[in-house]
Protein chains: 2
Amino acid sequence: MPEEAAQSPRRRAGRPRSVVLDRELIARAALKLVSTHGYSTLTMSAVAKSLGVSPSALYNHVDSKQELMQWIQEIVMDGVDSSVFATHALDEALFRWAQSYRDVFAEHSPLIPMIAVLPVSGSPRTLEMYEAVAGGFVRAGWKPESIVPAIVALESFIFGSALDATAPLDIFNPGQYAGKLPQFEGALDAQRATGKNNSETAFLTGLAAIIGGLLVAGTNN
Amino acid sequence: MPEEAAQSPRRRAGRPRSVVLDRELIARAALKLVSTHGYSTLTMSAVAKSLGVSPSALYNHVDSKQELMQWIQEIVMDGVDSSVFATHALDEALFRWAQSYRDVFAEHSPLIPMIAVLPVSGSPRTLEMYEAVAGGFVRAGWKPESIVPAIVALESFIFGSALDATAPLDIFNPGQYAGKLPQFEGALDAQRATGKNNSETAFLTGLAAIIGGLLVAGTNN
DNA sequence: ACCTGAACACCGTTCAAGT
DNA sequence: ACCTGAACACCGTTCAAGT
C-alpha cells in the first residue's frame, strides 16, 4: 500500500524515493476518521493504522495529539462562511456567518474547549475570519473598542450553541421529578407543542436577540 | 487515618463498625482535589489516595468517573443564584443569575461539555434552577412556548462565556501575522486601550444584548 | 458489605535500532 | 530523514480473594 502513494505522482529527479507521510496526509486521515466514526475513535493508533504506518511514525511529523487536533480545526474552519461581510449588511452578514459557524462546530464539538483557550496566532484561517468580521463592524460605523467584545460575545454564544446542538432531544425530560416542577414543565409542554426543534429555535431566537441587542448598543453611545 | 473518620461521630448501637466511604465523602474529596490542583489532577487514583483508600474501592460506591463528575456538578450547581427570580424584575434577575452561573462554571469549565449533553433528570438542583427561572418568565407574562428556547439560548451564552473566561489574556495576539490584519488589529488596539478585561466586557455587553433582545421578542408577538 | 492487590485493555509518547 | 518495535508512564475499570 505504501507503494501506491509513492508512485502516483511523477517524481522529480533527485527527490527521496518514498515520502509517505506529511502534515496534509495525516490531517486528512484524522478528519476522515472523525467524520466517519466520531471523536471517540480519534487515537494516534487509529490514525496510524488508517495510514498503514506505526503510531510512533506519526511523531516524526506532529508534536502531539493536541497539535493534530489543531490541524483538524484549521481544515474545519474553512467551512465557516466569512465572505458574507463583503456582500451583506452587518446584521444579515452576522446572522449568516454565525449560522455556518455553529453548524460546522456542532459536528466538531470536541474541538470547542480547545479552541476557546488556544492563541489564535496558531490558526491563520481563524485570523482571516476575524479580519473579515472586524471589517464588517468597521464599515458599519462601530466604535473601535466595542468590536472585539462584540465578536467574543457572539463566539461565546456560537460555541455554547454548538455544544447544545449535540444534546439529545429529550434532555429536558424531568424523569422521576415529573409533576413537581409546574412552571418549567408547563413551559416545556408549550415548547413541545410547537413541534419545532428546541435547540434550533433557541439558537435562532438567541442569535436574533444578541445581534439586535449588540447593534443597538454598538453604534450609538 | 481511617480510624479517625470512623470514631469521630458517636455511633448508634447496631450500626456497622467502620463505614469509611460514601457518596458525600467521595464527592467532597474530588471537589477539594479539583479546587486546589485543577481538573487535570482529577483521577480515580488521586481521589482514592486523598481518602486513604485503594482506587478499586471507589467502585463500590460510584459507577464511573463520569458519575463522579456529575456529583461534582451537583455540588457546584449550588453556587448558582436562582433566588433572585423571587425578588427581582425579570431582566435584573436574569442578569444576576447569569453572572453567578458563569462565574461558577468558569472555575469548573471541564464540566461544561458533559453538562451540555446530559439529561437534566440526573440533576435535581438543575431542575430546581430551571423551575425558578421559568417562574420568572411566567410571572413576567411570557408566551409559554418562548420560555424554554430563551433559557437554552441564555445557557448557551453562559457556557460559551464560561469557556472563554478561562482563555489566556493574550489569546488574540496575532503573533507572526502582526501587521497583516488592519481591521482586526485596529479593533484589538482600541479594546486594549480601554484597559478593561476583554472576556469580562464581552460577557457583560453580550449578556445585556441577549437579555434585552429576548425581552423585546418574548412578550409582544 | 466493602476493601485490597493484581490484572486488563487501553491511552499518548519516547527512543534505540534499523534503512 | 523517516520508519519499526519495544518500552514507559500513565489511564479507568474489573475481579478474585480476603474480612
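Scope of the values below: all heavy atoms of this structure, side chains included, with no hydrogens, waters or symmetry mates. Throughout, a chain's letter reflects where its sequence line sits, starting with A, and its residues are numbered from 1.
- Residues passing the side chain to side chain contact (heavy atoms under 4.5 Å, CB included) test with B/A150, sequence neighbours excluded: B/F137, B/W142, B/L214.
- Considering only residues two or more places apart in sequence or on other chains, B/F203 meets the ring-ring contact (aromatic ring centres under 6.0 Å, His included) condition with B/F157.
- A salt bridge does not link B/D81 to B/R96: none of the charged side-chain nitrogens sits closer than 4.0 Å to a carboxylate oxygen.
- Between the CG atom of B/L51 and the P atom of C/dT4 there is a distance of 11 Å, given to the nearest Å.
- At a threshold of 4.0 angstrom between heavy atoms, the contacts of A/S54 include nucleobase atoms, whether or not backbone atoms are also involved.
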Taking protein heavy atoms under 4.0 Å as touching, what does nucleotides 13-19 of chain C look like 5' to 3' if B marks base contact, S marks sugar-phosphate-only contact and - marks none? BBB----
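- Backbone-only contact: A/L42 has heavy atoms under 4.0 Å from sugar-phosphate atoms and none from a base.
- Following rounding to the nearest Å, B/K49 (NZ) and C/dC3 (P) show an atom-to-atom distance of 19 Å.
- Not counting sequence neighbours, the partners of A/S35 by the side chain to side chain contact (heavy atoms under 4.5 Å, CB included) test are A/L31.
- Here the P atom of nucleotide D/dG12 and the CG atom of B/L58 are 10 Å apart, to the nearest Å.
- Between B/Y177 and A/E128, the side chains place no donor N or O within less than 3.5 Å of an acceptor N or O (distance only, hydrogens not considered).
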Please, what dot-bracket string fits DNA chain C when only Watson-Crick and G-U pairs with both distances under 3.5 Å count, crossing ones use [ ] and pairs to another strand use |? ||.|||||...|||||.||
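- A distance of 9.5 Å separates CG of B/N198 from CD1 of A/I151, quoted to the nearest 0.5 Å.
- Using a 4.0 Å cut-off between charged side-chain N and carboxylate O, A/R102 and A/E200 make a salt bridge.
- Using a 4.0 Å cut-off, no side-chain N or O of B/H61 falls inside it from OP1 or OP2 of C/dA1.
- Remark: B/E145 pairs with A/A190, A/T194, B/K143 by the side chain to side chain contact (heavy atoms under 4.5 Å, CB included) rule, at least two apart or across chains.
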